[in-house]
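One structure below.
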Amino acid sequence: MAHHPRPDSGTRCAPLLVHLLNGFRLDVGQHEVVLPAHAQRVVAFLALSRPSGMSQHRTALAEQLWCDGPRPRAQASLRTAIWRIRQADDRLVHADRGHVYLGALVEVDVEHSLSQAGRLLDEDGDLAPDDTATTGLVADLLPGWEEEWLIVERERIRQVRIHALVALSHRLRRLGRFVPALNAAYTAITAEPLQESARAALVEVHLAEGNVVEARRQVDQYARLLWNEMQLTPSKALTGRVRPQGQLHMSHVDEPAGRVGGDVHTAQVRPPRRA
């Protein structure tokens, strides 16, 4: 049950975990601790900025989080938020006259997720026992929060994790673990249906299993989706994996001829030759 503890001898050694995926939550030991919304914003901002290795200047932090009011009011709101956070546990946030930063003992689920992604993307590195689990690579960052400072960070984290899912699918395929490889590829496709690298990972799993028909069906399905959504066609590198000269079969799609772009491009789509 969520509660509002004061730090005491029983909680000072308890682990601190900030959850930002699938919503904000703060755990002190085995207990969830409720923070008011303004205090949550401070903790979330500090947690997301910690990987940069920089503490936050008090004035800049206050103006970032309370940009719709005068500076004195923003500074007062920050002081109140820090006080409420330290009431929950004084190890969470450290502040002096100039700077504010998240405590070194605080764990953050986003950091765990990005560490997993980093190991998956390092082709020569070793994986941790749980790195093949996709749960930590799919949860949304603070869903429902509409702060401007979250927009870029939310998209950055989403893209890193999609790339990690693609890398996981390739790793599992090379190990002959085709069903988990399929699941990882489909998870990446669900996160971004138009991303070619995710669809290519799925195609490679089908080809490794000898399922050429299914691989071809996936390429044709992706080609129709990409054209209907963006008026683009897949790269020849993808179409060439399943068809001679990269030919596509896209029924019910009328595509103009003569426009060619880069890897993902517009081009004339011809039906496959009849035998």
Side-chain angles (χ1 to χ4, degrees), residues 11-33 43-54 89 91-93 101-143 150 152-193 195-209:
T11 62
R12 292 192 67 85
C13 295
L16 305 170
L17 177 58
V18 173
H19 301 264
L20 303 180
L21 300 174
N22 285 336
F24 184 94
R25 193 174 86 240
L26 169 63
D27 292 338
V28 178
Q30 301 300 314
H31 303 286
E32 178 184 352
V33 177
V43 172
F45 190 95
L46 294 176
L48 290 174
S49 61
R50 183 167 70 173
S52 67
M54 297 178 60
D89 194 295
R91 298 171 297 162
L92 285 166
V93 168
Y101 56 96
L102 198 68
L105 296 177
V106 181
E107 297 184 48
V108 182
D109 62 351
V110 172
E111 294 179 355
H112 295 168
S113 178
L114 292 178
S115 294
Q116 177 189 3
R119 291 188 295 270
L120 292 172
L121 291 166
D122 182 3
E123 295 184 359
D124 298 324
D126 296 327
L127 298 182
D130 296 332
D131 279 347
T132 57
T134 61
T135 305
L137 298 172
V138 297
D140 292 332
L141 175 65
L142 295 172
L150 264 179
V152 173
E153 189 67 6
R154 182 180 282 142
E155 181 60 18
R156 182 187 73 84
I157 291 172
R158 190 180 76 90
Q159 287 294 334
V160 169
R161 297 192 303 175
I162 291 172
H163 282 75
L165 287 166
V166 171
L168 174 60
S169 179
H170 288 310
R171 280 192 179 227
L172 293 171
R173 170 180 54 79
R174 290 192 292 267
L175 293 172
R177 298 177 59 187
F178 297 128
V179 172
L182 284 172
N183 287 336
Y186 273 118
T187 302
I189 291 170
T190 300
E192 182 46 79
Q195 189 149 319
E196 182 169 312
S197 60
R199 190 73 58 151
L202 178 61
V203 169
E204 292 300 329
V205 177
H206 286 308
L207 291 175
E209 290 186 291

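- Residue V106 forms a side chain to side chain contact (heavy atoms under 4.5 Å, CB included) with just one option from R91, R50, E111, and that option is R50.
- Side-chain contact between L102 and V108: present, with at least one pair of heavy atoms (C-beta onward) separated by less than 4.5 Å.
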**Study point:** Worked check of side-chain contact (heavy atoms from CB on, under 4.5 Å) between R174 and E204
**Key:** CA-CA 10 Å; R174 290 192 292 267; E204 292 300 329; over 6 Å; no
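- Nearest heavy-atom pair across R171 and D124 is NH2-N, 4.4 Å.
- No side-chain heavy atom of D140 sits less than 4.5 Å from a side-chain heavy atom of R154.
- Of the possible donor and acceptor atoms, one in the side chain of R161 sits under 3.5 Å from a partner among the backbone N and O of G136.
- Looking only at side-chain heavy atoms (C-beta outward), E192 and R158 come within less than 4.5 Å of each other.
- Interatomic distance, T134 OG1 to L168 CG, rounded to the nearest 0.5 Å: 7.5 Å.
- With D109 as the fixed residue, the side chain to side chain contact (heavy atoms under 4.5 Å, CB included) test singles out one of V18, L114, L21: L21.
- Using a cut-off of 4.0 Å between Lys/Arg side-chain N and Asp/Glu carboxylate O, E196 and R199 are scored as not salt-bridged.
- Annotation: side chain of F178 is in contact with side chain of R173 (closest heavy-atom distance under 4.5 Å).
- For the pair V33 and D27, the minimum side-chain heavy-atom distance is 4.5 Å or more.
- When side chains are defined from C-beta on, V43 does not count as touching L26, because their heavy atoms never get closer than 4.5 Å.
- When side chains are defined from C-beta on, L20 counts as touching L48, because their heavy atoms get closer than 4.5 Å.
- Residue L120 holds its CG atom at 11.0 Å from OG of S115, rounded to the nearest 0.5 Å.
- Side-chain contact between L137 and T187 is absent, with no heavy-atom pair separated by less than 4.5 Å.
- A distance-only check finds a donor-acceptor pair linking the side chain of Q116 to the backbone of A133 [under 3.5 Å].
- Distance check: L182 CG to S169 OG gives 7.0 Å after rounding to the nearest 0.5 Å.
- Between the side chains of H112 and E107, at least one donor N or O lies within less than 3.5 Å of an accepting N or O.
- Counting all heavy atoms, side chain and backbone alike, G23 lies closest to L142 at C-CD2, 4.1 Å.
- Rounding to the nearest 0.5 angstrom, the gap separating the NE2 atom in H170 from the CG atom in L121 is 11.0 Å.
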